[in-house]
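Owing to the predicted nature of the structure, the values given are computational and were not obtained by experimental measurement. Lettering of chains follows the sequences in order, A, B, ..., and the numbering in each one begins at 1.
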There are 2 protein chains.
Amino acid sequence: MNQPRVQEKEATSRRIILDCAARLFRTEGYAATSLRRIAAASNMKSGSLYYHFASKEEIITEVLNMGVQRVHDEVWRSTAELPPDADSHTLVRTAVRAHLAALHELGDYSSANVRIYGQVPEHVRNAHKPIRIAYEDLWIALLGRCVSQGSLRGDVSRRFISTFMLGAMNASLEWGTPESGRLQQMADDMAELFLRGIMTSNQ
Amino acid sequence: MNQPRVQEKEATSRRIILDCAARLFRTEGYAATSLRRIAAASNMKSGSLYYHFASKEEIITEVLNMGVQRVHDEVWRSTAELPPDADSHTLVRTAVRAHLAALHELGDYSSANVRIYGQVPEHVRNAHKPIRIAYEDLWIALLGRCVSQGSLRGDVSRRFISTFMLGAMNASLEWGTPESGRLQQMADDMAELFLRGIMTSNQ
DNA sequence: GTCTATATCTGGATAGAC
DNA sequence: GTCTATCCAGATATAGAC
């Protein structure tokens with residue numbers, strides 16, 4: 001009865017391959033990352049990858065999806081845990097913290113996603129797109145909760161604000177890898193800039 | 001006496017090659033963009049590129065540098081033209097407008113820069129780095145003018161704020177190509193978000 | 001200044017042994 | 001599940017004709 005062991009090994013190898021692939025896609029780019037290099041980093045030979053994945057495109061698809069899915073889940077969970085009457089500042093701060101924490105924890109996956117989304121083959125991008133849109137919609141909904149409290153400014157569209165915020169937060173992936181203590185501080189600083197802007201007085 | 005004509009043709013071909021290269025680097029990635037494709041897009045054969053450039057790395061270096069240099073120059077010029085006693089809001093709005101206008105005008109150059117900077121061979125990146133740092137320093141200096149007016153918040157470092165703003169603005173390259181009318185509006189909206197944040201009241 | 005032709009290398013993917 | 005061996009397409013770069 002060693003069926004479970006085999007499945008475990010397959011799942012583990014799969015995960016190792018994806019981790020290495022994500023790291024290489026992030027740092028080298030999509031086309032520059034050969035299956036031979038992914039295999040070597042995973043302590044395998046290139047032919048062996050085809051036991052786990054049908055093609056390079058199947059690997060990048062998995063990497064792209066994982067880069068968004070976990071962030072989505074964390075932001076959803078952390079904001080759903082808040083009391084229904086939580087004020088807008090708390091809501092935004094919580095979502096920003098969750099996004100940045102998950103983003104940097106995922107590291108190579110989310111960074112690879114941000115960096116090479118615009119450069120993968122079009123049908124790969126199209127297959128991934130719904131996951132991105134679902135995540136954007138989550139943010140639109142969060143901002144909707146602010147609107148219903150009358151606290152979100154009305155002169156700029158919610159879609160613009162959410163795209164703006166996501167872009168600003170994702171750009172932080174290019175700043176290097178902060179220790180988790182620093183990350184907390186960074187998230188709070190960024191939430192503050194979002195909420196109140198860069199100036200002292202708001203005349 | 002056709003020496004000038006020849007130089008003109010060389011300069012023109014060079015520029016065509018760089019334009020095509022920037023567009024391809026942006027959309028396909030660095031490694032995925034072959035010299036054959038750059039040549040084809042430039043209505044040439046791949047061998048001919050070597051008359052104008054010594055290597056693929058020389059091409060990408062030029063593309064990276066152009067992507068920052070023009071933006072730098074535009075932001076510098078537009079803010080230097082302001083009266084020395086211009087208020088902080090005007091200063092920031094002017095710089096944001098200039099950055100976004102130049103960024104989207106350069107299009108493929110700046111977008112290629114943002115997208116593939118982290119994926120280009122290390123010595124290419126190192127050669128380009130001083131130009132990036134000089135531009136960041138320009139923003140630090142602009143924010144310094146706000147500090148001396150007592151209008152920049154003091155609880156977050158100037159370096160953090162400038163990195164935050166540049167990241168947020170550069171992310172807009174991924175939103176598609178706006179018509180120039182829309183671009184003006186976008187720049188003003190973004191400046192507003194920077195200056196006053198996303199909320200209505202700042203209690 | 002641009003071409004053709006080519007040397008040399010590395011890529012994704014497959015077949016079949018173990 | 002992982003290996004070796006291999007096919008074939010496509011890469012950078014060079015050489016030399018025009």
Identify all pairs in which a protein N or O lies below 3.5 Å from an N or O of nucleotides 9-13 of chain C, and state each distance.
| from | atom 1 | to | atom 2 | distance (Å) |
| --- | --- | --- | --- | --- |
| C:dG11 | OP1 | A:Ser34 | OG | 3.4 |
| C:dG12 | OP1 | A:Thr33 | O | 3.4 |
| C:dG12 | OP1 | A:Leu35 | N | 3.2 |
| C:dG12 | OP1 | A:Lys56 | NZ | 3.2 |
| C:dG12 | OP2 | A:Leu35 | N | 2.6 |
| C:dG12 | N7 | A:Arg36 | NH1 | 3.0 |
| C:dG12 | O6 | A:Arg36 | NH2 | 3.4 |
| C:dA13 | OP2 | A:Tyr50 | OH | 2.9 |
| C:dA13 | OP2 | A:Lys56 | N | 3.1 |
| C:dA13 | O5' | A:Tyr50 | OH | 3.3 |

Exercise. Say whether A:Thr90 and A:Asp87, considering side chains only, have a donor N or O and an acceptor N or O under 3.5 Å apart.
Key: yes
Exercise. Specify whether B:Tyr30 and B:Phe25 have parallel, tilted or perpendicular ring planes, treating 30° as the upper limit for parallel and 60° as the lower limit for perpendicular.
Key: tilted
Quiz prompt | Nearest-Å distance for atom pair CD/P, residues B:Glu58 and D:dA13 | solution = 11 Å
Self-check item: Side-chain donor-acceptor pair present, B:His123, B:Glu57, cut-off under 3.5 Å
Solution: yes
Self-check item: Rounded distance (Å) that lies between atom C1' of D:dT2 and atom CZ of A:Phe53
Solution: 15 Å
Practice problem: Specify the separation, in whole Å, of atom CD1 of B:Ile16 and atom C1' of C:dG1. | Solution: 13 Å
Quiz item: Rounding to a whole Å, what distance do you find between B:Ile38:CD1 and D:dA13:C1'?
Solution: 14 Å
Quiz item: Just to confirm, is there a sub-4.0 Å distance from OP1 or OP2 of D:dG1 to any side-chain nitrogen or oxygen of A:Ser48?
Solution: no
Self-check item: Whole angstrom value for the distance that separates P of D:dA11 from CG of B:Leu24
Solution: 12 Å
Exercise. Give a yes-or-no answer on whether the side chains of A:Asn113 and A:Arg132 include a donor-acceptor pair shorter than 3.5 Å.
Key: yes
Quiz item: Atom CG of A:Leu49 to atom C1' of C:dT14: distance rounded to whole Å?
Solution: 13 Å
Quiz prompt | Verdict with reasoning, A:Arg15 to A:Asp19, per salt bridge (charged side-chain N to carboxylate O under 4.0 Å, His left out) | solution = CA-CA 6 Å; A:Arg15 182 53 188 268; A:Asp19 283 353; 3.0 Å; yes
Quiz prompt | B:Tyr109 six-ring face occupied by B:Arg70 cation (under 6.0 Å, within 45°) | solution = no
